[in-house]
Amino acid sequence: MAGVPELREVSEDYATEMERLAFKLMELIALSLGLQPDRFHGFFKDQTTFIRLNHYPPSPFPHLALGVGRHKDAGGLTILAQDEVGGLEVKRKSDAEWTWVMPTPNSYIINVGDIIQVWSNDAYESVEHRVKVNPEKERFSIPYFFNPGHYTIVKPLEEIVNEQNPAKFRPYNWGKFLANRKRSNFQKLDVENLQIFHFSVSQLAD
Ligand SMILES: O=C(O)CCC(=O)C(=O)O
Ligand SMILES: [Fe+2]
């Protein structure tokens with residue numbers, strides 16, 4: 001491409017470093033759950049990881065403009081780099097209020113995705129979030145989505161479930177889930193799009 005010949009190389013280098021960080025984080029999560037550090041590695045052998053380069057132009061009518069509608073990250077981990085403009089909000093668990101995430105220079109935001117919630121049988125929870133556009137300033141963000149192989153059957157880990165802690169989710173196919181979600185992420189809908197909640201065992205009983 002004429003415009004930015006170095007973009008490919010820079011992106012590939014960035015992805016390599018992000019992958020190292022993501023594996024490290026997965027090791028820490030495994031240890032925190034009492035598992036072997038490499039417990040999750042196999043899932044990421046044929047990973048469906050991707051990077052998005054987001055540009056949010058300013059809008060004088062932020063409430064009418066589309067940033068990113070409310071959602072949870074469906075995959076494993078998200079490592080988010082954002083600039084100083086801000087606009088990311090998370091839904092606070094204690095009171096379900098949307099809460100501004102203050103940009104911190106030279107730092108990443110790590111989001112636990114739905115898959116870690118399922119693997120850990122709710123020991124970790126993925127958080128609902130959305131992005132508002134700014135009335136005056138454009139904003140850039142770079143999320144790195146660390147996702148397992150498309151054929152992965154996602155379900156609570158056998159070492160974690162037992163009689164006291166029965167599986168809270170039914171198994172589902174990650175590739176199919178992802179294909180469904182891609183259709184709804186960028187619509188400003190106030191309805192649930194496909195969520196792991198649809199695979200929750202208690203939901204099944206209804
Ligand atoms: O731009 C952001 O801060 C986050 C974007 C996001 O949530 C996503 O792409 O899943
Ligand atoms: Fe997200």
Side-chain angles (χ1 to χ4, degrees), residues 7 10-11 14-15 17-19 21-22 25-26 29 44 47-59 61-93 96-120 124-148 150 152 154 172 174-199:
L7 183 62
V10 169
S11 303
Y14 189 73
E17 291 305 319
M18 285 297 102
E19 186 183 27
L21 177 58
L25 290 165
M26 291 310 299
I29 289 171
F44 295 92
Q47 45 184 278
T48 53
T49 295
F50 61 97
I51 291 179
R52 213 180 260 150
L53 305 177
N54 289 325
H55 175 222
Y56 302 92
S59 164
F61 307 106
H63 59 292
L64 297 178
L66 180 66
V68 178
R70 69 190 188 93
H71 68 284
K72 295 179 180 185
D73 291 348
L77 272 180
T78 307
I79 305 175
L80 175 74
Q82 62 164 344
D83 63 17
E84 70 295 339
V85 174
L88 176 64
E89 295 180 330
V90 297
K91 199 176 218 175
R92 197 162 48 201
K93 204 178 165 189
E97 284 292 317
W98 285 106
T99 309
W100 170 265
V101 179
M102 181 108 72
T104 307
N106 302 317
S107 67
Y108 289 111
I109 292 168
I110 313 294
N111 260 346
V112 162
D114 286 341
I115 291 182
I116 293 180
Q117 178 165 354
V118 173
W119 278 339
S120 71
Y124 282 91
E125 281 181 47
S126 67
V127 70
E128 193 168 351
H129 56 282
R130 67 182 184 188
V131 179
K132 278 196 173 163
V133 293
N134 191 283
E136 283 130 32
K137 295 184 200 151
E138 64 178 353
R139 171 177 185 262
F140 293 91
S141 75
I142 309 175
Y144 172 88
F145 298 97
F146 189 55
N147 296 330
H150 66 91
T152 305
V154 182
Y172 63 90
W174 162 242
K176 286 189 183 156
F177 186 97
L178 183 63
N180 266 300
R181 270 299 290 275
K182 283 238 167 98
R183 285 185 221 127
S184 53
N185 240 7
F186 286 97
Q187 294 169 31
K188 205 172 188 178
L189 299 176
D190 210 27
V191 296
E192 296 295 340
N193 45 23
L194 182 59
Q195 304 280 357
I196 47 167
F197 141 90
H198 293 117
F199 297 96

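We're numbering straight along the sequence, starting at 1. Just so you know, these numbers come straight off a predicted model, no measurement behind them. Counting starts at 1 for both ligands and their atoms, in listed order.
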Novice: Can you list the atoms of ligand 1 that are under 4.0 Å from a heavy atom of D73?
Specialist: 10 (O)
Novice: Just so I know, are the side chains of N134 and P58 near enough to count as touching, which here means a heavy-atom distance under 4.5 Å?
Specialist: no
Novice: Answer whether the closest heavy-atom distance between the side chains of I142 and Y14 falls below 4.5 Å.
Specialist: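 Counting from C-beta outward, I142 and Y14 do come under 4.5 Å.
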Novice: Out of all atoms in ligand 1, which are within 4.0 Å of some heavy atom of R139? Include the element for each.
Specialist: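 Contacts of ligand 1 toward R139, numbered from 1: 1 (O), 2 (C), 3 (O).
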Novice: What distance separates I51 CD1 from I79 CD1, expressed to the nearest 0.5 Å?
Specialist: 9.5 Å
Novice: Using a plain distance cutoff, I'd like to know if Y56 has any nitrogen or oxygen under 3.5 Å from a nitrogen or oxygen of ligand 1.
Specialist: yes
Novice: Which is it for Y172 and I115 under the side-chain contact (heavy atoms from CB on, under 4.5 Å) test, yes or no, and what are the steps along the way?
Specialist: CA-CA 10 Å; Y172 63 90; I115 291 182; 4.0 Å; yes
Novice: Under 4.0 Å, heavy-atom basis, I'd like to know which part of T78 is in contact with ligand 1: side chain, backbone, both or neither.
Specialist: neither
Novice: Does N54 reach the side chain of P143, with side-chain heavy atoms less than 4.5 Å apart?
Specialist: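 They are in contact (side-chain heavy atoms under 4.5 Å apart), so the answer is yes.
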Novice: Which of these passes side-chain contact (heavy atoms from CB on, under 4.5 Å) with Y144: T49, T78, L80, L77?
Specialist: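 The passing option is T49.
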Novice: Find all atoms of ligand 1 within a distance of less than 4.0 Å from any non-hydrogen atom belonging to R52, and give their numbers and elements.
Specialist: 8 (C), 9 (O), 10 (O)
Novice: Is there a heavy atom of H129 sitting under 4.0 angstrom from any atom of ligand 1?
Specialist: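 For ligand 1, residue contact (heavy atoms, under 4.0 Å) with H129 is present.
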Novice: Can you confirm whether F44 sits close enough to T152 that some side-chain heavy atom of one is under 4.5 Å from a side-chain heavy atom of the other?
Specialist: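 The answer is no, as the side chains (C-beta and beyond) never meet within the 4.5 Å cut-off.
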Novice: So which bit of H71 gets within less than 4.0 Å of ligand 1, heavy atoms only: side chain, backbone, both or neither?
Specialist: side chain
Novice: Using side-chain heavy atoms (C-beta onward) and a distance below 4.5 Å, is D83 in contact with R139?
Specialist: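 The answer is yes; the side chains approach within 4.5 Å.
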Novice: Heavy-atom contacts under 4.0 Å between R130 and ligand 1: side chain, backbone, both, or neither?
Specialist: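 The answer is neither.
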Novice: Going by the atom numbers of ligand 1, which of them fall below 4.0 Å from some non-hydrogen atom of N54?
Specialist: 1 (O), 5 (C), 9 (O)
Novice: Measuring only between side-chain heavy atoms, which start at C-beta, is W98 closer than 4.5 Å to K132?
Specialist: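 Result no, sub-4.5 Å side-chain heavy-atom pair not found.
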Novice: Using the side chain to side chain donor-acceptor pair (under 3.5 Å) definition, which of the options H71, E89, R70 pairs with H129?
Specialist: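 The residue from H71, E89, R70 that satisfies side chain to side chain donor-acceptor pair (under 3.5 Å) with H129 turns out to be H71.
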Novice: Counting distance only, does the side-chain N/O of T48 pair as donor-acceptor with the main-chain N or O of P148 below 3.5 Å?
Specialist: yes
Novice: Which is it for I109 and ligand 1 at heavy atoms under 4.0 Å: side chain, backbone, both or neither?
Specialist: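 No part of I109 is near ligand 1 at this cut-off.
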Novice: Going by chain and residue number, what protein N/O/S atoms come nearer than 2.8 Å to the Fe ion (ligand 2)?
Specialist: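 Near the Fe ion (ligand 2), below 2.8 Å, one finds H71 NE2, D73 OD1, H129 NE2.
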Novice: Which of the atoms of ligand 1 are close to F145, meaning less than 4.0 Å from one of its heavy atoms?
Specialist: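 Counting from 1, the qualifying ligand atoms are 8 (C), 9 (O), 10 (O).
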